[in-house]
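Take a look at the structure set out below.
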Amino acid sequence: MKILANDGISQTGVDAMQNEGFEVLTTNVAQEQLVNFINENEIVGLLVRSATKVRKDLIDSCPSLKLIGRGGVGMDNIDVDYAREKGLHVINTPAASSESVAELVFAHLFGGVRFLYDANRNMPLDGDSKFKQLKKNYAKGSELRGKTLGVIGFGRIGQATAKVALGVGMKVIYHDPFMDDASISLSFYDGQTIDFKFKSISKDELLKSADFVTLHVPAQKEYVIGKPEFEIMKSGAAIVNAARGGVIDEVALIDALEKNKLAFAGLDVYESEPSPEIKILMNPNISLSPHIGAATGEAQDRIGTELANQITTLLK
Ligand SMILES: NC(=O)c1ccc[n+]([C@@H]2O[C@H](COP(=O)([O-])OP(=O)(O)OC[C@H]3O[C@@H](n4cnc5c(N)ncnc54)[C@H](O)[C@@H]3O)[C@@H](O)[C@H]2O)c1
């Protein structure tokens, strides 16, 4: 049976499927040639990330297809209900990248409290001539330990982020209207575990008490954080969005940064992705990354392995 991994897949995933006897094709076929390619090669499983679109017309035109797999979480690029109505399996790997996103949140937070996002911009320009001035500019750093992290959306990634925060010595509070309480088990390298219990608090309460706020909600119709929310945040607080563009109102964010209400922001996702607004890109107090939350070798290996396991269970 042939599997086409059209948007790439880790070697671990390829190996796992080949070990189970699948033939894995990793050619990147252009969208308009995909139907022909699938039919000519009698592809049984089509694996995609976010680039390839799997819409009704493709599903109708490819009778050999039995499975569509998304390496990652969001399945906006797949007509999931239609495919399932037609009897196809549709799978994804929702848990595989949680720790990677959580670590990226902390990359933004650790970098933020020591101004690394700005030092990295200015050291190449002035590091040799104005070293002492730069040293002074970045001298008033702070520590994360002992501070409060407010997590909005306490699902897989929210909880993975909370685990890192607990390890760093932060207090964790959360707001999630669909999860009144939660318990997290922190596992250490030597097998020891510690359990923590949490209760959801209101969004306002969280915003009033958090030193740092991190968002881990699914795509929403309305802003979760806009002008009124920034107003009730602590002065000098910071915010990270590695969830989805459109969760934070970027105009209100710029305003909060310009008025020094917020110390800094960390963004991995943008309202106008893939062309983020210049005002966001040029703001000196935003730590920027180009939607790379899940982009670690480890997460890609877990995605590949998880897809291979599900495919073996469903198709063999
Ligand atoms: N930056 C990246 O590369 C990257 C990678 C993977 C996932 N993500 C994004 O991260 C987000 C979270 O993913 P996840 O796997 O943790 O999802 P999840 O479904 O496990 O958790 C989401 C949580 O948000 C809660 N929630 C929903 N609406 C809310 C609201 N208005 N206020 C507060 N909580 C709310 C839900 O109850 C749920 O517990 C998603 O938006 C996903 O697209 C980003």
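Counting begins at 1 with the first residue of the sequence. As the structure lists them, so they are numbered: ligands from 1, and atoms in each ligand from 1. This structure is a prediction, so every number in the text was calculated from the model and none was measured.
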TODO: Output the list of atoms in ligand 1 that are nearer than 4.0 Å to some heavy atom of Arg244, sorted by atom number.
DONE: 41 (O), 43 (O)
TODO: Using distance alone, determine whether Gly293 and ligand 1 share an N or O pair under 3.5 Å.
DONE: yes
TODO: Please report which non-hydrogen protein atom sits nearest to atom 1 (N) of ligand 1, along with the residue it belongs to and the distance in Å to one decimal place.
DONE: Asp268 OD2, 2.9 Å
Open item on the list: Tell me the protein heavy atom at minimum distance from atom 42 (C) of ligand 1, and give that distance in Å.
Closed with: Ala243 O, 4.2 Å
- [ ] Within a distance under 4.0 Å of any heavy atom of Ile152, pick out the atoms of ligand 1 and give their elements.
- [x] 33 (C)
- [ ] Check ligand 1 against His291 and write out every atom of the ligand that is under 4.0 Å from a heavy-atom position of the residue.
- [x] 1 (N), 2 (C), 3 (O)
Task: Test side-chain contact (heavy atoms from CB on, under 4.5 Å) applied to Ser61 and Val35, Asn36, Leu34, the passing residue - done: Val35
TODO: Start with the C-alpha gap between Asp7 and Thr52, add the side-chain angles, then the distance that decides, and say whether side-chain hydrogen bond (donor to acceptor under 3.5 Å, both in side chains) holds.
DONE: CA-CA 7 Å; Asp7 297 331; Thr52 303; 2.6 Å; yes
TODO: Using a strict cut-off of less than 4.0 Å between a Lys/Arg side-chain nitrogen and an Asp/Glu carboxylate oxygen, indicate whether Lys86 and Asp60 qualify as a salt bridge.
DONE: yes
Task: Leu134 side chain near Asn137 side chain, heavy-atom distance below 4.5 Å - done: yes
TODO: If you have a sec, work out which protein heavy atom is nearest atom 21 (O) of ligand 1 and how many Å separate them, to one decimal?
DONE: Gly155 CA, 3.3 Å
TODO: Provide, to 0.1 Å, the distance between atom 27 (C) of ligand 1 and the closest protein heavy atom, together with that atom's residue and name.
DONE: Pro218 CD, 3.4 Å
Task: Any Ala242 heavy atom less than 4.0 Å to ligand 1 - done: yes
Open item on the list: Can you tell me how the ring of Phe198 sits relative to the ring of Tyr174, calling it parallel under 30°, perpendicular over 60° and tilted otherwise?
Closed with: perpendicular
- [ ] Would you mind checking which non-hydrogen protein atom is closest to atom 28 (N) of ligand 1, with the distance to 0.1 Å?
- [x] Gln220 NE2, 3.3 Å
TODO: Of all the heavy-atom pairs spanning Phe264 and His108, show the shortest one and how long it is.
DONE: CE1-O, 3.7 Å
Open item on the list: Which residue and atom name correspond to the protein heavy atom nearest atom 19 (O) of ligand 1, and how close is it?
Closed with: Arg156 NH2, 3.6 Å
TODO: Report the part of Val101 (side chain from C-beta onward, or backbone N, CA, C, O) that has a heavy atom under 4.0 Å from ligand 1; answer both or neither where that applies.
DONE: side chain
TODO: Could you tell me the residue and atom name of the protein heavy atom closest to atom 12 (C) of ligand 1, and the distance to it rounded to 0.1 Å?
DONE: His216 O, 3.5 Å
Task: Donor-acceptor pair, side chain of Arg302 and main chain of Glu306, under 3.5 angstrom - done: no
- [ ] Heavy-atom distances under 4.0 Å are what count here, so tell me which part of Ile157 touches ligand 1: side chain, backbone, both or neither.
- [x] both
Task: Mode of Met179 contact toward ligand 1 - side chain, backbone, both, neither (heavy atoms, under 4.0 Å) - done: side chain
- [ ] Identify, for atom 39 (O) of ligand 1, the protein heavy atom at the shortest distance, and state residue, atom and that distance.
- [x] Asp176 OD2, 2.6 Å
Task: Gln31 atom CD: more than 12 heavy-atom contacts under 6.0 Å - done: yes
- [ ] Evaluate whether atom NZ of Lys261 has more than 12 neighbouring non-hydrogen atoms of other residues, nucleotides or ligands under 6.0 angstrom away.
- [x] yes
Open item on the list: Please check this pair: side chain of Ser64 against backbone of Ile43, looking for a donor-acceptor N/O pair closer than 3.5 Å.
Closed with: yes
TODO: Taking atom CD of Glu42 as the centre, report whether more than 12 heavy atoms of other residues, nucleotides or ligands fall under 6.0 Å from it.
DONE: no
Open item on the list: Give the atom numbers and elements of ligand 1 that come within less than 4.0 Å of a heavy atom of Ala294.
Closed with: 3 (O)
Open item on the list: Looking at non-hydrogen atoms alone, which of Val73, Asp76, Val217, Val151 comes nearest to atom 40 (C) of ligand 1?
Closed with: Val217
